[in-house]
Amino acid sequence: MDMATEDGKEAVNTAPENDEKKKKRKFRLIFGLERWFGFFLLIGLVALRVWDPYPVEVFRVKVFDMYQKFHPREIPPADQKLVTIVDIDEESLAEIGQFPWDRVTVGTMIANLANMGAVLTAFDIVFAEQDRMNPDSVAETLVTLDEETKAKIREQPSNDELMAGVMKQTKVIVGYAGYWEEKEEDALRPPLAKSVAIRALSKGAEENLWQLPHYVSLVRNIAVLEEAATGFGVFSLVPEVDGVVRRVPTVFRYGEGNATLNSLSVEMMRVATGRSTVFLTLDADGVQKVGIAKGFELPTDSRGRVWPYFSKHDKSKYVSARDVLSGTVDPAMIQGKLILVGTSAVGLRDIRQIPTERDIPGVEVHAQVIEVATTKQFLKRPGYLYVVEMTVMFVTGLLMVILVPLVGARWTLSLFVFIAGSTAAAAWYLFTEQLVLYDAFYGMAAVLVLYTSLTYLSYAREEAQRRQVREAFSHYLSPDMVTKLAEDPDQLQLGGELRDLTVMFSDIRGFTTLSEKFDAQGLTVLINKLLTPLTNIVLEHKGTVDKYMGDCIMAFWNAPLDDPEHAKNCIKSGMVMNAAMDDINAKLRGEFEAEGKTHDDLKMGIGINTGDIVVGNMGSDLRFDYSCLGDSVNLGSRLEGQSKTYRVDIVLGENTVAQVDDLPILEMDLIKVKGKKEAVRVFTCIGHEDVFESQNFKDLKETHDALLAAYRSQQWAEARALLAKCREQAAEYNCLGFYDLMEERLDQFEAAPPPADWDGVFVATSK
């Protein structure tokens with residue numbers, strides 16, 4: 001088998017990918033399935049953000065809640081608190097009685113607060129019904145009284161009138177609750193005093209009033225208290241769909257028209273600043289802001305809602321209604337304060353959830369709005385942020401679409417982590433330093449979905465390719481080769497590389513005679529019985545099977561995976577293969593005897609050589625093999641043929657021996673093989689490392705080398721003496737056949753000596 005090129009020159013086939021395959025690969029990188037899928041997925045994620053359905057919005061505001069939870073607004077010190085909450089708490093209910101209390105008691109509380117210097121008192125409560133303890137109600141209830149006594153009782157002023165009298169002497173704001181059904185009695189009552197003025201920045205801007213939170217009607221206070229009140233405010237908080245109070249309305253719309261009413265907190269600030277109205281500014285997009293006084297404005301969203309920067313629950317701003325009524329409250333908590341009357345009692349059901357607290361009295365939300373308004377600590381969502389968020393998401397997503405198929409998941413993950421970390425850090429900075437709410441969550445979550453999808457698609461494609469490679473080549477290549485090709489299927493293209501390889505050729509001697517006893521089917525079975533165990537030995541010693549040529553195996557080492565000890569591993573593989581022939585012969589002998597056939601033991605000849613060899617995918621575009629070629633390969637094939645000549649199991653080339661220093665190797669001859677102009681040294685190996693370390697081998701090698709020296713110097717008598725000594729020392733090794741050959745050569749040269757200038761080179765006449 002001649003694998004050399006013309007004139008014995010090495011063939012270096014490093015054929016690059018052809019233009020067509022380069023084009024296909026480039027096309028797949030630019031317009032592959034992953035990129036198209038990723039691009040359309042990115043467009044879908046952008047469209048989802050534009051649509052902004054409820055789940056997307058909830059995730060966004062939950063992230064904003066997290067900002068506040070981790071970094072809540074600082075609670076102001078006592079001397080800077082503007083609002084005090086008079087709390088109808090559990091202790092007050094236990095001492096004074098169930099709520100609602102009679103209006104005389106409430107009036108007494110208002111009077112005490114005014115006497116202690118309260119700026120105003122606002123109720124987070126609605127007095128929708130007359131006091132059940134009014135004189136006329138009592139007179140009707142006490143049925144045992146005579147009519148004269150009942151008449152005198154009815155002549156007494158009502159508790160509602162007494163409370164209204166107290167309210168007229170101070171500043172009191174009554175609260176209203178929004179109601180979702182129309183109430184007939186409201187139509188009979190005079191409208192509430194107007195406290196909201198509309199300022200339109202563009203033509204038709206007033207039409208955007210529809211965006212304000214709207215109630216069909218209001219739960220109003222009784223008329224006598226309304227007439228005595230300084231102001232009116234809606235205390236309904238309008239939690240968002242998930243039940244969290246985040247954005248608080250400043251102005252409400254009620255009824256069928258555009259009647260408006262301030263929220264309780266805004267009304268308190270209006271009255272405290274002495275203004276008759278607040279200015280609701282609208283533009284083409286909706287509400288822009290609410291102006292309370294000059295230089296005192298509340299920025300709102302288009303629906304007129306403010307976004308307070310909430311603090312944690314502040315117990316220090318609470319005083320018990322019981323202590324106010326008894327006069328034992330700390331005067332510093334009342335003097336110069338805006339007073340909010342509300343309840344923390346669980347039974348009265350005014351408990352809310354805000355970003356910083358799961359349970360907080362609703363009245364404190366109004367107090368926090370006033371604190372935030374006076375310190376200008378509202379959270380902001382400027383319109384340009386939406387554009388920035390979308391741009392960052394789209395650009396980052398586009399980078400993922402481009403880079404994931406190109407450079408792989410690992411590097412793009414690093415890029416994603418960097419961008420996500422930078423975006424999160426920027427969002428945190430904007431919140432803590434500027435109170436700006438930047439939505440880093442959706443953009444990075446969308447990019448993560450994109451990255452994960454692209455990575456999965458790439459993985460699925462590569463896994464399919466690997467599976468295809470494994471299935472196609474698992475029966476022909478070593479497991480290492482299959483693994484490498486599965487990891488990099490692009491290697492399945494024409495081309496090669498020049499590497500230092502060790503190549504082996506093995507051939508079964510006597511197989512041709514044996515095969516004559518079998519038909520085609522039987523011969524195939526026999527071949528498989530021989531090649532299977534021998535192939536396994538090659539693979540176990542890190543070799544790659546190149547091809548089978550009848551009963552011959554061609555294999556090589558140090559490709560596709562690096563093997564620093566490829567020469568040694570190849571030699572050891574050859575020795576184990578020769579040893580395995582004993583078991584193979586034993587099995588065949590038993591099978592043959594069972595069939596009544598005779599069996600002659602098979603022998604194996606192996607040739608091994610090392611050198612610079614081209615290895616790669618050789619063939620055509622339609623069919624190719626991972627193979628090797630070159631002059632060193634051809635020499636390996638020639639050496640296998642000489643194993644029969646030298647009557648040894650293994651013949652080694654000089655380059656192979658140069659890379660091994662711990663195996664028992666003996667030089668055999670200088671030989672000029674067919675097809676080679678220069679002579680090469682050939683060697684054989686007679687054992688493993690344990691033999692190399694033995695003293696007997698060391699003695700044998702010394703005698704053996706002396707034998708060759710005497711032979712090449714034509715000292716035939718000395719050579720015969722050394723030959724006899726070699727036979728004794730090599731009795732336990734499988735190399736006696738070589739010494740038989742040497743004896744025959746001595747006989748030949750003694751009878752017909754070579755020329756005096758003979759260089760000791762043996763010229764082979766066969767492959």
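Only heavy atoms go into these numbers, but all of them, side chains included; no hydrogens, no water, no symmetry mates. All residue numbers refer to positions in the sequence shown, counting from 1.
With ring centers used as reference points, Trp307 lies under 6.0 Å from Phe64. Ring pair Tyr67/Phe431: centre-to-centre distance below 6.0 Å.
Screening Gln68, His71, Lys380, Lys376 for a side chain to side chain donor-acceptor pair (under 3.5 Å) involving Tyr309 leaves a single residue, His71.
Applying the salt bridge (charged side-chain N to carboxylate O under 4.0 Å, His left out) test to every pair with at least one member in residues 197-207, sequence neighbours left out, gives no pairs at all. For residues 96-116, the pairs satisfying ring-ring contact (aromatic ring centres under 6.0 Å, His included) are Phe99-Trp101, with sequence neighbours left out. Sorted by first and then second residue, the salt bridge (charged side-chain N to carboxylate O under 4.0 Å, His left out) pairs involving residues 421-432 (not counting sequence neighbours) form an empty list.
Counted by atom type alone, Ser302 and Asp285 present zero donor-acceptor pairs between their side chains at under 3.5 Å. Checking Gln368 against Arg73 by side-chain atom types alone, a donor-acceptor pair falls below 3.5 Å. No hydrogens or angles considered: nothing links the side chains of Thr300 and Thr250 as a donor-acceptor pair under 3.5 Å.
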Check step by step if side-chain hydrogen bond (donor to acceptor under 3.5 Å, both in side chains) holds for Asp87 and Ser344. CA-CA 6 Å; Asp87 188 12; Ser344 66; 2.6 Å; yes
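With sequence neighbours excluded, no residue satisfies side chain to side chain contact (heavy atoms under 4.5 Å, CB included) with Ala425. Partners of Arg352 according to the side-chain hydrogen bond (donor to acceptor under 3.5 Å, both in side chains) rule, which considers only residues two or more places apart in sequence or in another chain, do not exist here. For Lys69, there are no salt bridge (Lys or Arg N to Asp or Glu O under 4.0 Å) partners at least two apart in sequence or on another chain. With sequence neighbours excluded, no residue satisfies side-chain hydrogen bond (donor to acceptor under 3.5 Å, both in side chains) with Tyr442. In terms of the side-chain hydrogen bond (donor to acceptor under 3.5 Å, both in side chains) criterion, residue partners of Asp314 (sequence neighbours excluded) are, by chain and number, Ser316, Lys317. Applying the side-chain hydrogen bond (donor to acceptor under 3.5 Å, both in side chains) criterion to Thr356, with sequence neighbours excluded, gives no partner residue. In this structure, the salt bridge (Lys or Arg N to Asp or Glu O under 4.0 Å) partners of Arg381, at least two apart in sequence or on a different chain, are Glu389.
In summary, Arg322 and Glu91 do not engage in a salt bridge, as defined by a charged side-chain N under 4.0 Å from a carboxylate O.
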Donor-acceptor pairs under 3.5 Å, side chain of residues 50-61 to any protein atom, not counting sequence neighbours: which ones?
unit_1 : atom_1 : unit_2 : atom_2 : d
Asp52  : OD1    : Arg60  : NH1    : 3.0
Asp52  : OD1    : Arg60  : NH2    : 3.3
Asp52  : OD2    : Arg60  : NH2    : 2.7
Glu57  : OE2    : Arg247 : NH2    : 3.4

Give the table of side-chain donor-acceptor pairs shorter than 3.5 Å for residues 163-174, with sequence neighbours excluded, one pair per line with atom names and distance.
none

